[in-house]
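Before any comments, here is the structure.
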There are 2 protein chains.
Amino acid sequence: MSGAPHTRRPATLASLAAELGVSRTTVSNAYNRPDQLSAPLRARVLEAARRLGYPGPDPVARSLRTRRAGAVGLLLTEALSYAFRDPVATGFLEGLALACEQAGQGLLLVPVSPEHADVTAVHQAGVDGFVVYSVREDDPHFLAVLQRPVPTVVCDQPIGVEGVDRVGVDDRAAMLGMARHLTGLGHRRFGVLCMRLTAHRHDGPADEARQAQTSYPVQRTRLAGLRDGFAEVGVTWAEVPVHERFEHTIDAGAAAAAELLAAHPDITALVCTSDILALGALRYAVQHGLGVPEELTITGFDGVPEAERAGLTTVRQPVRDKGQVAGELLLERGDRSKPRQVILPTELVVGTTSKAPRALHRFFSGW
Amino acid sequence: MSGAPHTRRPATLASLAAELGVSRTTVSNAYNRPDQLSAPLRARVLEAARRLGYPGPDPVARSLRTRRAGAVGLLLTEALSYAFRDPVATGFLEGLALACEQAGQGLLLVPVSPEHADVTAVHQAGVDGFVVYSVREDDPHFLAVLQRPVPTVVCDQPIGVEGVDRVGVDDRAAMLGMARHLTGLGHRRFGVLCMRLTAHRHDGPADEARQAQTSYPVQRTRLAGLRDGFAEVGVTWAEVPVHERFEHTIDAGAAAAAELLAAHPDITALVCTSDILALGALRYAVQHGLGVPEELTITGFDGVPEAERAGLTTVRQPVRDKGQVAGELLLERGDRSKPRQVILPTELVVGTTSKAPRALHRFFSGW
DNA sequence: TTGAAAGCGCTAACAT
DNA sequence: ATGTTAGCGCTTTCAA
């Protein structure tokens, strides 16, 4: 196959121009404005470029001059590699990639290790704007993004940042709907499994004080939806045990379910703030002979394919659309004057993991 | 939350220096070499920067000067968004992201629409090197990458490009192993489902002429492994029907299986060059009451999680490691003089979809 | 249609 | 410890 010198760069636009005895402008035009010079001259330039191994205008130098990098930066809450394991993040990425692709923009994944609070990666990123995917309010990387003089779009969280567009769903309304679904079935004793609430690892019960402290607005909002829904039937939030998990994995969900059910064996419905956690809970139930939904109702949030396959009762949200809208919002050449907020619809999906609690089964059968 | 002017950039390193009455070097050092100036002075600089809304050195200008972009470009064979749907690609990306993350390098997804042969995106990419994931030999984007004066690492294909590192597996040996597994079970009548062989859409039988034309070395090599394995028991390649599908989806696999089985109802083993195609074939078989493995043996290649769950007999390859090694190969500061080639191990996974053909069942039972 | 001049914003020698 | 001097490679008015 063809071989080329992949090592040094001797040739530059200026050297090429000198070699040809034309001006730098002409060479530049040969690449960027073919209509600004005669076809034969252009051919001569391109031929000489090939001969000298000139790879065309240096992208970085051009970016400096034109003040556009041709790429969008993506800031994720977790380690970069996590994004490819989590089905929700993957869906978001697919949508975002689609939008970038259509606009001919690159997508730069900014390397952030949540451990190291090293913000330099954000400063290094040669991008025309940032998409921020679901990071906590006080994330230093996010703060660094805000410093950058480029437009920013947030997906999900943080919420209410001045001058920043946002795409998300109505988490509170969605969870309120879920709560009503469950109370409508007759459930009154609930348990809740939620994702991490702070930057610091904590696994176990999360009391109201801790819930109030969360730096993840989405978790706060989902819990608020539940609280309000339960309140409608007289279940006070104080009596609902909430367990938190730092890791967002099926294993973590299973462990949390085990823990919560051990402490509160009387609950009839286990509400999870994500499908992954719910799938973990489901696995725990199956492995321990706990009938779902006969003995225990389990619900999730997100509507990932695995959940659908498992028949999980959940809230489906358009993750792919979120990514696409985020990209469009950022790349849209339009009115940047006032920040925009896009709220996408959700849908309650009643699967096979929710049902009236056992006591009512008996009640109804005795009828 | 904090608000900042996300619109204009009035402040620059030079203007800050002027404002403070110090040299540009000093301001630069304040950011890049804190040990090169007194702490108080540095504090003064940083304070002034905050006050004037100076976001720190412009990354593009710095890149131009330092000649490094701090990012790796990724070239994919398919549309960008496809990468997030295909489990093999996702695994690769996870590994690559991991390597980038560890090296503090960004990962730039280069937007290529396979339809438009528009190569500008490759020229625009401000990166220090490229990782090329499984593209065809004559891909114009790949050719454009080779022009760029930066190091390049290829995963899987193309093969044997001068001056380019590569990571892959021994596809021929792996498929040879699969062939022997099947011939060892007693199979003699095979059908093969393979992925696209050329840039142009073709769905249906692929005769030897077409197979020879392929611009995808991996497909060629996998078929060669089968051919050699079958030859060992006297099955000539000419008598093995090979069907090709352009799309790489479960639906495509199902359609291809239907087509091939209709034309060759006598085959006892259907070998697929990917798990996705095999899962499609499996679905077809299940839906049409064809017993697997009793009436038909089906095998795949890759070892994706879905395949494992389905009990597919397949070749497991370390897709995540491929990504990680590709990244390390590229980012490694070491010896760039001679191109390196890394071949990762594969493993034949015998699942529940392969078994001796029916004729032999009878034969053995009669024994 | 082509060329000359003027930077884009920054860093790295090399002084001091 | 701080400043001076040169560019990195390119695009873009503006003039010829």
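Naming convention: chains lettered A, B, ... in sequence-line order (proteins, then strands); numbering from 1 in each chain.
Using a distance-only test at 3.5 Å, with no hydrogens or angles considered, no donor-acceptor pair links the side chain of Arg148(B) to the main chain of Phe130(B). Between the Gln124(A) side chain and the Gly70(B) main chain, no donor and acceptor come within less than 3.5 Å of each other. The backbone N or O of Ala30(B) sits less than 3.5 Å from a side-chain atom of Arg42(B), completing a donor-acceptor pair.
In this structure, CZ of Arg68(B) is placed 14 Å from C1' of dC8(D), rounded to the nearest angstrom. Between the C1' atom of dT2(C) and the CG atom of Leu41(A) lies a distance of 8 Å, rounded to the nearest Å. As rounded to whole Å, 12 Å separates atom P of dT12(D) from atom CG of Leu13(A). In this structure, Asn29(A) places its CG atom 10 Å from C1' of dT1(C), rounding to the nearest Å. If you measure from atom CZ of Arg44(A) to atom P of dT1(C), you get 16 Å, rounded to the nearest angstrom. As rounded to whole Å, 14 Å separates atom P of dA1(D) from atom CZ of Arg42(B). Distance Leu16(B) CG to dC10(C) C1': 13 Å, rounded to the nearest Å. The CD-P distance, from Gln36(B) to dT16(C), rounds to 18 Å in whole Å.
Counting heavy-atom neighbours within 6.0 Å of Arg51(A) CZ, excluding the residue itself, gives a total above 12.
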I'd like a list of close polar pairs between nucleotides 12-15 of chain C and the protein, N/O only, cut-off under 3.5 Å.
residue : atom : partner  : partner atom : Å
dA12(C) : N6   : Thr25(B) : OG1          : 3.0

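In this structure, Val60(A) reaches neither bases nor backbone, as no heavy-atom distance under 4.0 Å exists between it and the strands shown. Note on Leu37(A): only backbone sugar-phosphate atoms sit closer than 4.0 angstrom, heavy atoms only; bases stay farther off.
Between Thr12(B) and dC10(C) there is a side-chain N or O to OP1 or OP2 distance below 4.0 Å. Distances shorter than 4.0 Å separate none of the side-chain N or O atoms of Tyr31(B) from OP1 or OP2 on dG9(C). Within the 4.0 Å cut-off from OP1 or OP2 of dC8(C), not a single side-chain nitrogen or oxygen of Arg67(A) is found.
Side chains of Arg62(A) and Asn32(A) form a contact here, defined as non-hydrogen atoms less than 4.5 Å apart.
Taking the nucleotide of DNA chain D with the nearest heavy atom to each of Ser23(B) and Leu64(A), the more 5' of the two is matched to Ser23(B).
Residues satisfying the ring-ring contact (aromatic ring centres under 6.0 Å, His included) test with Tyr133(A), not counting sequence neighbours, are Phe92(A).
Aromatic ring orientation, Phe84(B) versus Phe84(A): parallel (interplanar angle below 30°, classes split at 30° and 60°).
The listed nucleotides are dT11(D), dT2(C), dG9(D); the one nearest the side chain of Arg62(A) is dT11(D).
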